[in-house]
Structures are given as structure tokens and as C-alpha cells.
Amino acid sequence: MIRFTDVHKRYTNQYEALSGLSFELDKGEMAFLTGHSGAGKSTLLKLIALIERSSSGQVWVNNQNLTRLPKWKVPYYRRKIGLVFQDHNLLHDRTVFDNVALPLIIAGENHREIGRRVRAALDKVGLLGKERNLPIALSGGEQQRVGIARAVVNRPPVLLADEPTGNLDPELSLEIMHLFEQFNQVGVTVFIATHDHELISRLSYRHIALHQGRLA
Amino acid sequence: MLSLNLPNYLLRHLQVMLYSLGQLTRTPVASVMTVLVIGIAIALPAGLYVMLHNIEKVTNQWDDASQISVFLQHTTNDSRGKQLASQLTSWPDIESVDYRSASEALNEFRELSGMDEILDTLPKNPLPPVLLIHPTKSAQQEAIQQLLERLQAMQEVELAELDMAWLQRLRTINETGQRGITIIAVLLSISVLLVIGNTIRLAILSRQTEIKVIKLVGGTNAFVRRPFLYTGFWYGLVGGIIAWLTLLITLLAINGPINKLASLYESQFNLEWLSGQMFISLPLFGLILGVMGAWLAVGRHLNDIEPS
């Protein structure tokens, strides 16, 4: 599903964030991306989400060569990638419902379908009763679950998460991880960057460890 | 992926259109100030245009009245004057001749100027008798010029003057004015573009997070651009309507004095409002400027805002 072949990412100041990275993630696999901060975890996820492009090497996602994807196609590509962030990236002047509906509105879904799918996604993350609330009225864990609902609402085959439990206590973190497991069980490829070793040691999934931009 | 469902697509446009209008009403003071600036900037050249159009109308009214005023010597008496008049009527280039005696001229002047008392203090009538000569319609510019010279050469004639001369000067002034107005209109249109562009730029900056999030979940540039274009659309449209209202109120205010002035000149002149034409063209013009200004601003800033 996700394949890196000899990927380098250099920034303009000669700093190499990723050097010669090769790995592969199967369709429907769930894996953790670990490493210290600065090891290149975020950079790697950004290459998959096409927020950044690799300096050399090839990145394939869902049988698509991202190195060759023209700029105007990037938005359509991103609709098939669910993204979850440490700081949620929610819009604070819109309700939970509107936040989750955003990807569907962008994709041009019709009104009834949007209502149906948003409620289904909120139901899955256990926030069905809070759709009229503003994000600010929710706890950190609940905000993260809104972020996850938004990431999965248009049923992407790939779900990426960058430190999704970074701001949560261990109990909530585990809850969030179980949520990701549920999506994985219905066939979504899940790739989670985290440095919480304690948490992932309690879950038996593959680790891809990064150290200074290389596989450790 | 790109399957378009037309009613759905139009519905979304309508939603964005109303949404951006709603956004504007959330900051009423700022929005009102912006549309006022736009309205005034559009009203100014439009007002000048209406004024010029009316002046043109007045001068066109006088187009066929290219008459020659022949001022006779003070010593010329009435019978000689009338005799001259009938004599001149037989000239080939002359259609008709009116004789106005010195006292008739004085009465007319008294009536029109309202300077009765001053005129009464004068020891004698300062006005000479006048022959008003209407050349034939077919007479060319040159023929009229020759006619003028012949008249000037006559013994009893003090001064022969073509009334058209000042009219031609007025027309030239008018033409100059038209060029000036075009330049003013262009400059003010540019300033409207800049005002809208700048307002949209601020709107974009204040919604940077939103734009980033929209791009992260797959929003195209067109999707991001749309609400801002509609914001420009509303600014321009409302600005144009305000321009029209401003113009209407101004014309209403000066209509009275102008009618009075026209009656003083014994003219049938009526101020032409152009209100119907302007009611369409000003909002349309504003709307086009609004969308253009928004487009320029969004185009410049959209690519700067990428998720990182």
C-alpha cells in the first residue's frame, strides 16, 4: 500500500531529514513509526500526505507514484488519505458536525449523504451526542476523536496519524489506539507515528524505527 | 473523482454565496466602510459622466442655432435697421433676419438679468440695435465665415459675431473633460480593485488556519478561492448599488437649481438622469471589479498558504 524506495529528503540548508529510506507497508496493515523527535517521523508522514515531496527516490501509495503526481491532482489524492494530527487541526468557529463534514463538503457530497456519514463517523468515535458543540467545549481526548472522525469520514484506504496521543494521558491514549485498531480491522491501512514506547509495547504491531533519518 | 452533479454544484455555489454574505454581516462596520469606499469611488466618475452627458445635450440643442449677431452702430435708427434686415434676407446664404431695436434689446436684457435698478440708473440705453441672422441650414462653415466678413465690412455694422464660436469652445472643453473623466474613472477603478484586493487579502490572512485545514483534507484551490470571490462579488455589487443611490440623491439635490437656471435661460432643458441605465451598469461594473480584485488577491496569496 505504501512503498518507499531509496527516499532522500534534503532541506535547503543541506540538512538531510531522510536518507536512503526503503520500506513497504501492506494493504490493511497497521504499523507504528517510532524514533526520537527529529528522527524524521513527521517528514516521512508529510511525504505520504504530499505536504512535502522527496528530494530523490520514489514514494508509491495505493499504486500511485507520488513523485510524478502533478500539483493539481494533489487535493484529489489527499481525499484518499486520512490525516490525524497531534494538535487536532480543528476549526474552532465551527461545530463538531461541520468540522467532520468538511472533507465531504469539499468532495461535493450531497446534503443527505453528508448528514448520514458524519453521524456514522461520530458514532464510531462515540461523540454522536456532541455534534452541535464547538470543539472548544470538548476535552482534549474528545477533540482528538473529532479529528479522527474527520479523517475517516470519507472512508480513506489509508489513515496516517502524527503523535495522535501526544497530549493525552495513558488511559485516553490507549482508547484512541483501540479506535485505530477498529478502523484497521475493517481494512484501513493505519500508520501511526509516536514516541510513546510504553503505549506501543502494549500493542503487538510492527514497528518501523527511525534514527537520524534512517531505518534503525 | 470529478463527477459533477449540476444541481448539486449550483446548490453549493448558492450556499457559498450566501455564506460569504453572512460572513460580511458578521463585521457590519468594516463591511459598510468598505462598500462605502467602493460606492463613492464608482459614483464619482459616473456623476461626472452624467454631468458631461447633460452639457453635451444642451450644446446639441443649440447645434442648428448657429446664428450671427450683427451689432449696429448706436446711431442707426429703427427704420434703417428694418430696411437692412429686409435687404439682408435676400442674400443667398441667409435664411431669415430678426431685427431687434435698442429698446427691445434693453427690455429683454432687463427681463432676463433682473438688474432693473442698475439699468434705471444709466443715463441712456447702452445697448445697440441688433440684427439676428440665421444662415441657411445648408451653409457650410466657410460660407458662414465669408458671410461674417461681408457683414463686418458694411458701413452701419459695429460688430458681427458668430454665436457658434463660444459653442465650439465649449465643445472642445467638453471633449477635454471627457478625456479627464475617462482617466479619473480608470484611476478610481484601479483604486476600487486595490481596496477590494486588500480587504480580501486581510480576510485570507485571518483565515489561514482554515485554508490550511481545507487543503489538508483535499480542498482544491478552486474550493478555497470560491468564498473569497463571492466576498468580492458582494462588495462590488453592494458598492455599485450605493454608487447609484449616491448619484440619484445628488441629482435629486441639484435638479431644482438646474431647472431654475434653465428657466432663466428660457431653455426647455431637463436634467437627464440616466438612472435606469446606471441602475444596471453601476452594480454590474462594481461586481466585475469586485470579483477581479478578489481574484487578484486570492491568486497572489493562495499559493503562499500551504500546510507544513
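Note on naming: letters A, B, ... go to the chains in the order of the sequence lines (proteins, then strands), and numbering restarts at 1 for each one. This structure is a prediction, so every number in the text was calculated from the model and none was measured.
For A/Pro103 against B/Val217, the heavy-atom pair with the smallest separation is CG-CB, 4.1 Å. Here the closest non-hydrogen pair linking B/Gly219 and A/Ile106 is CA-CG2, 3.4 Å.
With rounding to the nearest 0.5 angstrom, the CG atom of A/Leu90 is 11.5 Å from the OG1 atom of B/Thr209. In this structure, CG in A/Leu91 is found 9.5 Å from CZ in B/Arg207, a value given to the nearest 0.5 Å.
Note on A/Ile105, A/Asn154, A/Ile81, A/Val74: by heavy-atom pairs under 4.5 Å with chain B, the leading option is A/Ile105. Looking only at heavy-atom pairs under 4.5 Å with chain B, the residue among A/Glu52, A/Lys46, A/His92, A/Arg94 that has the most is A/Arg94.
Counting non-hydrogen atoms of other residues, nucleotides and ligands closer than 6.0 Å to OH of B/Tyr49 gives a total of 12 or fewer. Heavy atoms from other residues, nucleotides or ligands lying under 6.0 Å from CZ of A/Arg53 number more than 12. At most 12 non-hydrogen atoms from other residues, nucleotides or ligands lie less than 6.0 angstrom from CD of A/Gln212.
Within the 4.5 Å cutoff, no side-chain heavy atoms of A/Trp72 are placed close to those of B/Thr220.
Between the side chain of A/Arg78 and the backbone N or O of B/Lys215 there is at least one donor-acceptor pair closer than 3.5 Å.
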Taking it one step at a time, do A/Asn110 and B/Leu11 satisfy side chain to side chain contact (heavy atoms under 4.5 Å, CB included)? CA-CA 9 Å; A/Asn110 72 52; B/Leu11 185 69; over 6 Å; no
Before giving the answer on side chain to side chain contact (heavy atoms under 4.5 Å, CB included), spell out for A/Arg150 and B/Val213 the whole-Å C-alpha distance, their side-chain angles and the decisive distance to 0.1 Å. CA-CA 11 Å; A/Arg150 186 183 64 191; B/Val213 171; 3.4 Å; yes
